[in-house]
Amino acid sequence: MVDLFDTEPDAPVDLNGVTIWSGWLDDAAQSAMLAELRDVARAAPLRQYETPGGQKMSVRMTAAGEVGWVTDKAGYRYAPCHADGGAWPDIPASVLAVWRAVSGVDRDPDSCLVNFYGEGAKMGLHQDKDEADPRWPVVSISLGDPGLFRVGGHSRKDPTKSRWLNSGDVAVLAGEARLAFHGIDRIKFGEGEVLPEGGRINVTLRVAQ
DNA sequence: AAGTACCA
DNA sequence: TGGG
């Protein structure tokens, strides 16, 4: 019999091989994570990077862990220090806990990217392929306003599928989908309830080195 | 090269 | 709004 008041987590959804857990984090877990992410941004301020082609990205980024992803005219890379010259802060415990629960591997990540999407921010279709060994999964956590996530295949021209990611959702890029092209087409600025000022935060965990 | 645009 |  179906229990309409069942409180079990939702079953995961598959989007072109990416596993999406809707509502993985409850309100309390999201608040606790946000508090830790604010500390990360205090230690390593959010900044807008430039693509190798010289165009400014709309998303503001920072990172935690041994290395953080950066880009400028010299290219995409993982760097051991942030723009102010200091080491990146530690990966927050609440974020590590999500990795341990969903990654399916017994090695911890060495990099945690924190991306902030303000009004109008988006991220074009791309592959995460700057890591030394792409066989390790990537785990993505969404907080704040909804974001329209699009996933394709290994070629930029492969067909894509889209789905709205909401605050508390967790996505895992593993196996065949680890190198899938993906991006965020738009956000619903101000629609979320977790960030009072509006905007979307995406946290991604990787084994980069 | 993680950019912008546009279409129905 | 959803798509590509």
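In what follows, chains carry the letters A, B, and so on, assigned in the order in which the sequence lines appear, proteins first and then strands, with residues in each chain numbered from 1.
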Visitor: So, A:R178 side chain and A:W136 main chain: donor-acceptor pair closer than 3.5 Å or not?
Guide: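 Judged by distance alone, yes, a pair lies under 3.5 Å.
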Visitor: Scan every strand shown for a Watson-Crick or G-U wobble partner of B:dA2, both distances under 3.5 Å, and answer none if you come up empty.
Guide: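 None - no nucleotide pairs with B:dA2, as no candidate has both distances under 3.5 Å.
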Visitor: Distance only, no hydrogens: is a donor on one side chain within 3.5 Å (strictly under) of an acceptor on the other, for A:S140 and A:N202?
Guide: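 Side-chain D/A pair, A:S140 to A:N202: present.
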Visitor: Of the options B:dT4, C:dG4, C:dG3, whose atoms approach the side-chain atoms of A:R186 most closely?
Guide: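 That would be C:dG3.
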Visitor: Rounded to whole angstroms, how far apart are CG on A:L15 and P on C:dG4?
Guide: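 Nearest whole value for this atom pair: 12 Å.
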Visitor: Whole angstrom is fine here: how far is it from OH in A:Y117 over to P in B:dA2?
Guide: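 After rounding, the reported distance stands at 13 Å.
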Visitor: Output yes when A:R186 and A:D145 qualify as a salt bridge under the 4.0 Å nitrogen-oxygen rule, no when they do not.
Guide: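 Judged by the 4.0 Å cut-off on N to carboxylate O distance, A:R186 and A:D145 do not form a salt bridge.
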Visitor: To the nearest Å, how far apart are A:I187 CD1 and C:dG2 C1'?
Guide: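 Computing the A:I187:CD1 to C:dG2:C1' distance gives 17 Å.
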Visitor: Any side-chain N or O of A:R156 less than 4.0 Å from the OP1 or OP2 oxygen of B:dA1?
Guide: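 No, because none of the side-chain N or O atoms of A:R156 sits under 4.0 Å from OP1 or OP2 of B:dA1.
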Visitor: Looking only at side-chain N and O atoms, does A:W164 come under 4.0 Å of OP1 or OP2 in C:dG2?
Guide: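 Yes, such a contact exists.
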Visitor: Could you tell me if the side chain of A:E176 sits less than 4.5 Å from the side chain of A:H154, heavy atoms only?
Guide: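 They are in side-chain contact.
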Visitor: For A:K73 and B:dG3, what is the distance between atoms NZ and P respectively, to the nearest whole Å?
Guide: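 That distance rounds to 16 Å.
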Visitor: Under 3.5 Å, side chain of A:T62 to main-chain N/O of A:V114, donor-acceptor pair present?
Guide: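 It does not hold such a pair.
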Visitor: Please give the nucleotide sitting opposite B:dA8 as a Watson-Crick or G-U wobble pair, both distances under 3.5 Å, or none.
Guide: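 Base partner found: C:dT1.
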Visitor: Determine whether any donor atom in the side chain of A:R150 lies under 3.5 Å from an acceptor atom in the base of C:dG3, or the reverse, and answer yes or no.
Guide: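 Not at all, since no donor on one side and acceptor on the other fall under 3.5 Å apart.
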Visitor: Round to a whole Å and report the spacing from CG of A:D128 to P of B:dA1.
Guide: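 The answer, rounded to whole Å, is 16 Å.
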Visitor: In this structure, how many angstroms lie between the P atom of C:dG3 and the NE2 atom of A:H182, rounded?
Guide: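 Checked: the NE2 to P distance equals 19 Å.
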Visitor: Using atom CZ of A:F181 as one end and atom C1' of B:dA2 as the other, report the distance to the nearest whole Å.
Guide: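 Roughly 10 Å, once rounded to whole Å.
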Visitor: Of the options C:dG4, B:dA1, B:dA2, whose atoms approach the side-chain atoms of A:D185 most closely?
Guide: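 So the nucleotide nearest the side chain must be C:dG4.
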Visitor: Categorize A:D130 for me: base, sugar-phosphate, or nothing, with a 4.0 angstrom heavy-atom threshold over every strand shown.
Guide: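 The residue A:D130 makes base contact.
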Visitor: Can you find a donor-acceptor N/O pair under 3.5 angstrom joining the side chain of A:D72 to the base of B:dA1?
Guide: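 Per atom types, no contact qualifies.
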Visitor: Could you tell me the separation between the CD atom of A:Q127 and the P atom of B:dA1, rounded to a whole number of Å?
Guide: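 Those two atoms, CD and P, are 11 Å apart.
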